[in-house]
Amino acid sequence: MVLGLVALALVAAACAPNATQSALEPKGPYAQKSFDLFVPVFWVAVAIFVIVEGLLVLFVFRYRHRRNQTPRIPAQVHGNTRLEIAWTILPTLILAGVAVPTIATIWDLAAKPTGDVLEVNVLGHQWWWEFDYPGQQILTANELHIPTGRPVYLTLCAVGFGYGTPVPSQGGPPAPNECQTGPPDGQPPAGIGAAVIHSFWVPELAGTQDVVPDLTNHLTIQADEPGVYTGQCKEFCGLSHAYMKFRVVAHTPEDFDRWVAEQKAPASPDVSGPAEAGKQIFLQTCIACHAVAGLETANGQPVLANGGPNLTHLMSRECFRGCTLEVNEENLRRWVADPRSIEAGSFMPDYALSADEVDQVVAFLMTLE
Amino acid sequence: MASLEHAVAPPVSHHAATSTGLPSLKLAMWLFLASDCLLFGALISTYVLYRGASTTGPYPSDVFDIPYTSVSSFVLLASSLTMVLALAAIQRGDVGRSRVWLLATALLGMTFLGGQVYEFTSFVREGLTLKTNVFGTSFYVLTGFHGTHVAVGVLMLLTLFTLSFAGKITQDSAMTVELVGLYWHFVDIVWIVIFTVVYLIPTNPGPGG
Amino acid sequence: MASVSVPAERPGGLLRRPHATTGFWSWFTTVDHKKIGILYGITAFGFFLIGGSEALLIRVQLARPDQTFLEPAVYNELFTMHGITMVFLVVMPLSAAFFNYLLPLMIGARDVVFPRLNAFSYWAFLFAGLFIYSSWFLGGAPNGGWFGYAPNSVTDPTRGMTFYAIGLLIAGIASTVSAINLAVTILNLRAPGMTLFRMPVFVWMGLVVQLLLAFSLPVITIGLVELLFDRLFGTHFFDVAAGGSPVLWQHLFWLFGHPEVYILVLPAMGIVSEILPVFARKPLFGYQFVVFSGIAIGFIGFGVWAHHMFAVGLGPVANTAFAVSTMIIAIPTGVKIFNWLGTLWNGDLRFATPMLFSIGFIAMFVIGGLSGVTHAVVPSDYQQTDTYYIVAHFHYVLFGGAIFGLFAGIYYWWPKVFGRMLSETGGKLNFWLMLIGFNLTFGPMHVLGLQGMPRRIQSYPASLGLSFWNMVSSIGAFVIAISVLVFLVNAIASFRKPKGMEADPWDARTLEWATSSPPPDHNFEEIPVVHSLDDLWHRKYAETEGGRVVPVAAGGSGEDAAIDEHAGEHGAHGGGGHAIHMPSPSYFPLIAAAGFPVIGYGLIFGVPAVAVGLVISLAGFFGWALEPSAE
């Protein structure tokens, strides 16, 4: 009965039309490696299951006491040393067989990929994902855009107040593949939320690696085909852990280059009317945390991020708020008006904007293409 | 735990043999000390892991006074000697001598503790508290746990000392003294390890220094 | 035994030594291992109902996508408390209930070696559980997961994780002293002739578990102290900005945490190893190998902890080493299963409820063990870790394994403890409902995990295709709940039956069945002299050369005084004319334990309570040390 259930479940799993986060549907070579190890081991486990449970069921039926039987006390067999040795050695051999490809794949996945590798820094905040492309000087959030057919080597860093200050890409030097720890010398601690452990998981493209403060972890992902692959934080990281999602958007190489060019351009907000008023509000309040490349403060300083996502090309993204909301006017309005009504743990303050002010801010945000 | 004055045996009779031949209280004390080894092992591992990791000072080389701590270590070592003498005396049936050596052990233990109190207050004055850096954190918690163990030991020694006046410590009940002795020697050995690992093995200042 | 109250002279005019061994108040002062075992059992079962209710709430929330029945803050508290409750307040104390009640009986002793320490362990456990649960009313329950990973457990602004650290420290003290107590009991109080290799397997598993506890608890004690100090005193153990390392917490936690899972399952394995032979009417196949496997699991169990940390980034060398050690530990586990199968082979199997649960244990544990082996395949574990696939695995080994085994033990030893049988019909209903409900709940979780459902999330979107199996799982949870209700009704109904059980209703093999049901306070009229493994069986049956078994004629071979099966009615008198002195009840273990939660509240709410708690505990300890063990 249990065997049937398991088999049914796995068939259902493999055929699930809606599952877009399935480890059983690898869409790239690195996820494929995990899958290719799992499948044979799974079938070995099924075989052992069938044999052991089969014997159990067989014995239960064969040796059950039948009512019409005369009561008997069976021969008091105490053991059989040869059998003991045999069924110690056999599992050992099976496990040794499993161990060899396991170890080989551990080392394979741990190696830094060679060739035409795209390097991206993944920064885990409470409770959203930031993506920094040191080679392309792009800083974005919630969506990780990659080209198909190329390994993407991720450096995973945890960020929080006073720790792991985001690597300044725009206008700064390319970041090394080493996570920052404290704020730069002489700078006061900055950032929002606590630096805690997260885990970056996009199952169709790779298994996880944790994002650990104090460690610099790496993960290689690669997509075979263009498409959108969903993922989320897998390591419990606090109140809004369940909201910390992201998407990997894989483009053909040409499309990816086009995306890079669009992202590198500073914001050129075509502001007029309510958007102009919204921009003013933005410069007075939102720049406390959010950055928009191309904007300047009243002092002529560039607006840099301080704990919140970079919004330069907000409208080019399809999701925001830890990728739990689609980017559209309605959602932006709800979020700006009252963040904590959507996410109880959000660190984004409620600035008690009036309905008109919210409209203006949203109008401005919608110019950030 | 059964009362201190009766040798512990299964409740049937005082002199029932145990399956291993070892008195139960003694076996229990050995098990407890083995368990306590892991307690200190975890604390010492924490300290060693964080060696050189502090991002700000003061650092060990800034505050440690090795000659001073060597003296207090010697005091604690000497207390193990007096403990051995206390046990030897009571095993001979000499309650008076044993009482003297028990008191000596307690006093030496209290001297050690006093020395630590003085040492730590001077560290605090030099700017090293529990909250200053990981060195302060791991150092004070490790030595604090050890000091607490010493204090509990002193308490037990003084209790034995007091009970000896009521005639409760006799040659027959020498095992009670032996048990406290085992505990005391353990605490001493742990200190030797701590002194070596923490004080004697030099530490590089670390990323901040 | 009749109770006689004799006022005793006490220095300082303190409390009179209690003497009653029956009556309501005797439960508060008892030092009798059997009563303490019952206390552990009832308390653990109460927490089982609470922890199960927490699980039901979780399953209601997850039954459908995007539900808002439970907000994240509450949901995080619920899954945390569910884990803490089931691990520390249910399975561990339920195992302790069995160990406490049965170990002395199985080795032919009258009690454990330190009866008051035994009582202290129970009260400290109870107070720890109440302390942790009081957090719901005092600022919020723990919400950082039962595993409390730093830095999140340090930085969380609510009070819950402080309750977590202090509560588990108190529980750890209870378990550590109990471990020392029971280990020394097993080593030192065996009846004459009971060598180590004539001990029942349950006793062997007991010994391994106590040693696992004694050596693993200190490590988490330090971890919890470091967590507590970071939260209360501003230390920097897990403060990354100051140079601290969150991975240190994980190492300390799992160095305890992995031996802990063997602490959770070995007792149930011991129980099953006792029940199968009785209901197959033949000895355990390969006794020595089963014992050695248990010891091997205990040792190797200290060498696999970082398999909980494969995705942390320890590096390929560490991951390789722990993958190999994890595969190695599967081997002794497999050996046990084969030996249990060998016990069934050619047996005369009777399917009373204890046997049903034992067979269920084997069936479910095999599944859990196999999924565990798939976790050891590290690159595959990168996908499995922190998903519902893992949740499936550990529920198969801890529920399908440990809980089923413990239920087998409940049904098996109920007549011994309470002098009545549980209803067979009720038992069978309990078993089948539980088996079906359990598989409905946790089977689908294998699929959910592989299909992309992480752990510890209060909801999932409809677009991920996880809805169907989540609904099935939630329905299964309610089937489990019904099965537990069936058990409760069965249990309560059993007390309506008259007491009057024979000593050995199951025709069993071990010494606890050689005395009355329930046993007298002093366990045995005469301490038995043991001549073999399964000594009781060999008193009843003789084996011929060909392995055939013939009952021994009534009157026996007369080697030594027969064990008196009707001891309960007589007064206490031992052989040889000595009176049996049992240790006297005492208030002091309870008092000593009561100080600890007070200290805990003081650490959270204000120092004066710390002083009060210390005074209470010290008064308890001193009073205890200065009173004789028996008066």
Side-chain angles (χ1 to χ4, degrees), chain A residues 2 5 9 13 16 18-19 21-24 33-34 37-38 41 45 49 52 55 59 63-65 72-76 78-79 84 87-88 91-92 95 99 102-103 105-107 109-110 162-163 182 194-197 203 207-210 212-215 217 234-239 242 344, chain C residues 71-73 145 149 151-152 155 240-241 245-246 281-283 285-286 289 311-313 316 319-320 323-324 327 330-331 334-335 338 341 344-350 362-363 366 370 374 377-380 382-383 386 439 443-444 447 450-452 454 456-459 463-465 543 547 549:
Chain A
V2 178
L5 190 71
N18 288 333
Q21 218 166 269
S22 173
L24 299 173
K33 288 183 216 246
S34 295
L37 256 186
F38 176 71
V41 175
F49 169 86
V52 175
L55 279 173
F59 290 172
Y63 300 112
R64 73 193 189 280
H65 175 81
R72 67 175 183 107
I73 294 181
Q76 303 285 287
H78 293 272
E84 298 279 359
W87 66 41
T88 307
T92 310
L95 287 168
T102 299
I103 296 171
T105 313
I106 292 175
W107 286 87
L109 289 176
Y163 189 83
V196 296
I197 302 179
T208 357
Q209 285 295 291
D210 285 352
V212 183
D214 195 50
L215 290 182
N217 284 344
K234 241 216 257 184
E235 184 62 65
F236 182 71
C237 52
L239 188 53
Chain C
E71 53 172 36
Y149 276 5
N152 183 60
T155 59
V240 281
S245 167
R281 316 275 284 145
K282 52 194 278 281
F285 193 93
F289 287 93
V312 169
N319 281 357
T320 301
V324 171
M327 290 185 193
I331 297 166
V335 165
F338 299 135
L341 287 179
L344 293 174
W345 168 81
N346 205 37
D348 186 37
L349 310 182
R350 291 149 193 276
I362 298 174
V366 166
L370 287 171
T374 65
V377 179
V378 173
S380 183
Y382 293 151
Q383 294 282 25
D386 274 322
N439 279 290
V447 175
L450 292 174
Q451 282 194 307
R456 301 156 186 159
I457 53 171
Q458 78 278 359
S459 69
S463 58
L464 285 184
E543 269 178 53
V549 170

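All values derive from a computational prediction rather than experimental measurement.
Two residues are said to be in side-chain contact when any heavy atoms from C-beta on lie closer than 4.5 Å; C237(A) and I197(A) fail this criterion. For the pair L344(C) and L55(A), the minimum side-chain heavy-atom distance is 4.5 Å or more. M327(C) is listed as a side-chain neighbour of T102(A), based on a closest heavy-atom distance under 4.5 Å.
The closest donor-acceptor contact from the side chain of Q21(A) to the backbone of L450(C) lies at 3.5 Å or more, if one exists at all.
Heavy-atom pairs under 4.5 Å with chain C peak, among V41(A), V212(A), L95(A), at L95(A). Heavy-atom pairs under 4.5 Å with chain C were tallied for V52(A), D210(A), N217(A); the largest tally goes to D210(A). Listed options A330(C), A323(C), G145(C), P72(C) were ranked by heavy-atom pairs under 4.5 angstrom with chain A; first place goes to P72(C). The most heavy-atom pairs under 4.5 Å with chain A, out of I331(C), N346(C), N319(C), L341(C), come from N346(C). Taking chain C as the reference chain and counting heavy-atom pairs below 4.5 Å, the highest number among A194(A), A242(A), A344(A), A195(A) is found for A242(A). Interface remark: of the candidates S380(C), S459(C), S245(C), S380(C) forms the most heavy-atom pairs closer than 4.5 Å to chain A. Of the listed residues P316(C), G286(C), P454(C), G313(C), the one with more heavy-atom pairs under 4.5 angstrom with chain A than any other is P316(C).
Looking at I106(A), both its backbone and its side chain come within 4.5 Å of chain C, counting heavy atoms on both sides. Of the two parts of A99(A), the backbone and the side chain both hold a non-hydrogen atom closer than 4.5 Å to a non-hydrogen atom of chain C. With a 4.5 angstrom heavy-atom cutoff, V240(C) touches chain A via backbone and side-chain atoms both. Residue K33(A) does not touch chain C at all, counting heavy-atom pairs closer than 4.5 Å. Using a 4.5 Å cut-off between heavy atoms, Y149(C) touches chain A through its side chain atoms alone. Only the side chain of T155(C) comes within contact range of chain A, judged by heavy atoms closer than 4.5 Å.
In this structure, Q383(C) and P203(A) approach most closely via the heavy-atom pair NE2-O, 2.9 Å. Listed here is the closest heavy atom pair of Q76(A) and P283(C): OE1-CD, 3.3 Å. Taking both residues in full, the closest heavy atoms of P91(A) and F338(C) are given as CG-CE1, 4.1 Å, listed atom of the first, atom of the second, then distance. Residues P379(C) and L109(A) share a closest heavy-atom pair of CB-CD1, 3.7 Å.
Ring-plane geometry between W345(C) and Y63(A) is classed as perpendicular, the angle between the planes exceeding 60 degrees on a 0 to 90 degree scale with a lower cut at 30.
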